[in-house]
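Let me begin by presenting the structure, written as structure tokens, before commenting on it.
Lettering of chains follows the sequences in order, A, B, ..., and the numbering in each one begins at 1.
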There are 2 protein chains.
Amino acid sequence: MITDFLINFVPFSHDELNDILPYFKKEKVKKNEVLIKEGQVCSKLYFVDQGIGRSYYLKKDGKEVTQWFFGVNNFMSSVDSFFQQSPSFYYLEVLEDSILYSITKKNMDALLAKYHNMETFIRLLTIDTLAKFVHKLNAIQFQTAKERYTYMLAEFPDISHRVPLGHIASYLGITQETLSRIRKNDSH
Amino acid sequence: MITDFLINFVPFSHDELNDILPYFKKEKVKKNEVLIKEGQVCSKLYFVDQGIGRSYYLKKDGKEVTQWFFGVNNFMSSVDSFFQQSPSFYYLEVLEDSILYSITKKNMDALLAKYHNMETFIRLLTIDTLAKFVHKLNAIQFQTAKERYTYMLAEFPDISHRVPLGHIASYLGITQETLSRIRKNDSH
DNA sequence: CTTACTTTTTGATATAGGTCAAAGGAAAAT
DNA sequence: ATTTTCCTTTGACCTATATCAAAAAGTAAG
């Protein structure tokens with residue numbers, strides 16, 4: 001639940017939660033639905049209640065590159081686009097029928113201005129996100145294809161077998177043929 | 001100046017600035033001095049007034065990998081270690097005689113609790129940092145060695161010719177021999 | 001069920017960039 | 001100034017992973 005996620009970072013009061021939570025609107029989204037396209041400004045921040053999301057972009061040759069996966073109980077968005085209101089470099093889509101809770105930038109700004117705790121929450125959330133990106137960067141920068149896949153399994157244990165192999169391969173910066181061969185060898 | 005940097009993100013009042021600025025202590029640091037070692041908890045956030053810093057870690061084989069460069073007018077730290085008070089994965093050092101302004105975690109926490117604007121500042125700073133990391137990740141993940149160097153020149157124009165080539169190479173995830181060859185060809 | 005479409009696997013071949021080794025240059029120390 | 005240390009360049013060779021192509025397996029649709 002989104003409440004648990006919030007209070008896990010910051011001790012919001014009951015009154016604060018009662019004011020904040022209604023701004024998150026429930027959205028049911030069908031598999032493969034695209035939430036944001038490249039170039040659009042991301043106007044909502046999503047919380048994944050059920051399902052899986054991913055962000056990706058297209059290389060010049062048209063190939064998709066997955067940038068991130070968003071599992072249950074995670075916020076999903078094109079972070080910099082949402083907070084900086086700049087055109088998104090990424091597409092955002094769901095990979096399964098999903099239930100999301102979304103809040104608009106406008107409402108988020110109001111909450112940030114109103115509640116010091118909300119600022120703290122977003123600060124901590126961003127630092128957490130930053131730490132995850134740093135972790136991925138380390139995995140990608142100097143590890144072999146096999147080690148990268150090991151990182152993937154650790155970072156996204158619940159996701160690694162529910163999404164197409166090609167999405168994972170591009171997330172890891174390797175080809176799907178290579179990943180297929182890694183999986184084959186892994187299963188002894 | 002640090003003041004300009006602050007008000008560029010958030011419209012701090014004069015009173016706020018007068019309270020905040022004295023917590024930043026000037027430090028003169030000699031070339032190659034190490035500020036944080038791997039495993040230590042980063043207790044200070046630094047602002048680079050003069051000089052260059054870098055963060056790096058050691059691979060199992062003992063080779064250094066540069067994670068980031070910190071130029072003039074940038075905050076420098078092992079971000080997640082400082083804010084999450086977790087052991088740093090990185091070393092932090094300066095590559096030239098430098099002048100830094102540092103604030104302790106304790107004082108920063110006090111300012112974050114006292115001033116809503118300070119929370120906002122750190123939130124925006126973190127989002128900015130996150131955006132830069134994402135940018136690097138994109139460069140590293142799917143670009144050739146030469147394209148990565150182009151990214152480096154764009155991201156750190158003032159730094160690219162003041163630090164050892166080996167530091168840049170490891171930052172980009174390539175070997176120094178390869179980078180040397182790229183530079184040779186660049187100068188036609 | 002059968003057909004069409006998507007995803008994964010397998011094989012053969014190519015290549016960017018790594019590794020190893022050694023020489024040249026530059027900078028710092030005595 | 002001369003020596004020592006560090007940094008950069010160059011050359012020869014090698015390997016992990018990409019690319020290309022096609023078969024096989026899995027999933028969805030009529």
Side-chain angles (χ1 to χ4, degrees), chain A residues 30-34 52 54 56 58-66 69 93-97 138-153 159-188, chain B residues 30-34 51-52 54 56 58-66 69 91 93-98 139-153 159-188:
Chain A
K30 285 279 174 205
K31 182 173 177 175
N32 295 328
E33 198 166 305
V34 175
I52 298 180
R54 71 154 181 157
Y56 68 96
L58 300 179
K59 285 199 292 182
K60 308 118 231 164
D61 63 10
K63 283 185 189 158
E64 291 181 2
V65 175
T66 298
F69 293 104
E93 70 174 8
V94 299
L95 300 173
E96 298 178 350
D97 291 354
N138 288 333
I140 297 266
Q141 188 165 9
F142 277 97
Q143 294 186 202
T144 63
K146 181 166 185 176
E147 288 169 325
R148 293 181 201 185
Y149 184 56
T150 304
Y151 146 81
M152 172 77 196
L153 292 175
I159 290 179
S160 304
H161 290 282
R162 276 161 65 194
V163 302
L165 172 144
H167 289 357
I168 296 175
S170 73
Y171 173 81
L172 296 175
I174 61 183
T175 60
Q176 68 174 354
E177 291 93 330
T178 296
L179 181 53
S180 175
R181 287 173 179 122
I182 288 168
R183 277 194 172 164
K184 187 185 174 189
N185 293 342
D186 265 13
S187 56
H188 68 129
Chain B
K30 285 279 174 204
K31 180 173 178 174
N32 295 329
E33 199 166 306
V34 175
I52 297 181
R54 72 155 180 155
Y56 68 97
L58 300 179
K59 285 198 290 182
K60 307 117 233 165
D61 64 7
K63 283 186 187 158
E64 290 180 2
V65 175
T66 298
F69 293 105
Y91 292 80
E93 70 173 10
V94 300
L95 300 174
E96 297 179 350
D97 291 355
S98 301
I140 297 268
Q141 187 165 8
F142 278 98
Q143 293 187 202
T144 62
K146 180 164 186 178
E147 288 169 327
R148 294 181 200 186
Y149 183 55
T150 304
Y151 147 81
M152 171 78 197
L153 291 174
I159 290 180
S160 303
H161 290 283
R162 277 160 67 192
V163 301
L165 170 143
H167 290 355
I168 296 175
S170 73
Y171 173 82
L172 296 176
I174 60 182
T175 60
Q176 69 175 350
E177 292 92 331
T178 297
L179 182 53
S180 176
R181 289 177 177 119
I182 287 167
R183 276 194 173 165
K184 187 185 174 189
N185 292 342
D186 265 12
S187 57
H188 68 128

Counting C-beta onward and ignoring hydrogens, is there a side-chain heavy-atom pair between B:Lys63 and B:Thr175 closer than 4.5 Å? no
Spacing of B:Arg183 atom CZ relative to D:dC7 atom C1', expressed in whole Å: 11 Å
Between D:dT17, C:dG17, C:dA12, which nucleotide gets closest to the side-chain atoms of A:Arg181? C:dA12
Within the 4.5 Å heavy-atom criterion, are A:Asn138 and A:Tyr151 side-chain neighbours or not? no
According to the interplanar angle, ranging from 0 to 90°, do the rings of B:Tyr171 and B:Phe69 count as parallel (below 30°), tilted (30 to 60°) or perpendicular (above 60°)? tilted
Does C:dG18 have OP1 or OP2 under 4.0 Å away from a side-chain N or O of B:Thr175? yes
Rounded distance (Å) that lies between atom P of D:dT10 and atom CG of B:Asn185: 10 Å
With A:Arg54, which of A:Glu64, A:Glu96, A:Glu33 fulfils salt bridge (charged side-chain N to carboxylate O under 4.0 Å, His left out)? A:Glu64
Can you see if the side chain of A:Ser180 gets near the phosphate of C:dT8 - specifically, an N or O under 4.0 Å from OP1 or OP2? no
Could you tell me the separation between the CZ atom of A:Arg162 and the C1' atom of D:dG26, rounded to a whole number of Å? 19 Å
Taking the nucleotide of DNA chain D with the closest heavy atom to each, which residue, A:Lys63 or B:Leu179, is nearer the 5' end? B:Leu179
Minimum-distance nucleotide to B:Leu165 side chain [options: D:dC7, D:dT9, D:dT17]: D:dT9
Kindly indicate whether the side chain of B:Leu95, heavy atoms from C-beta on, has any atom under 4.5 Å from the side chain of B:Glu93. yes
Measure from CZ on A:Phe142 to C1' on D:dA16 and round the result to the nearest Å. 15 Å
When the rotation axes relating C1' atoms of four end pairs to the next four are compared across the helix from C:dC1-D:dG30 to C:dT30-D:dA1, five pairs an end, they differ to 10° by 50°
Note: B:Lys30-B:Asp97 ion pair, threshold 4.0 Å (strictly below): yes
Expressed in angstrom and rounded to an integer, what is the separation of A:Leu95 atom CG from C:dT6 atom P? 16 Å
Tell me the closest heavy-atom pair linking B:Ile168 and B:Ser160, and the distance in Å. CD1-O, 3.3 Å
Rounded to the Å, how far apart are A:Tyr149 OH and D:dT17 C1'? 18 Å
Map B:Glu177 and A:Gln176 onto DNA chain C by nearest heavy atom, then report which one ends up closer to the 5' terminus. A:Gln176
Are any of A:Lys184's side-chain N or O atoms less than 4.0 Å away from OP1 or OP2 of C:dT10? yes
Taking CZ from A:Arg148 and C1' from D:dT17, how many angstroms apart are they, rounded to a whole number? 10 Å
Phosphate contact (D:dA16 OP1 or OP2) by A:Thr144 side-chain N/O below 4.0 Å: no
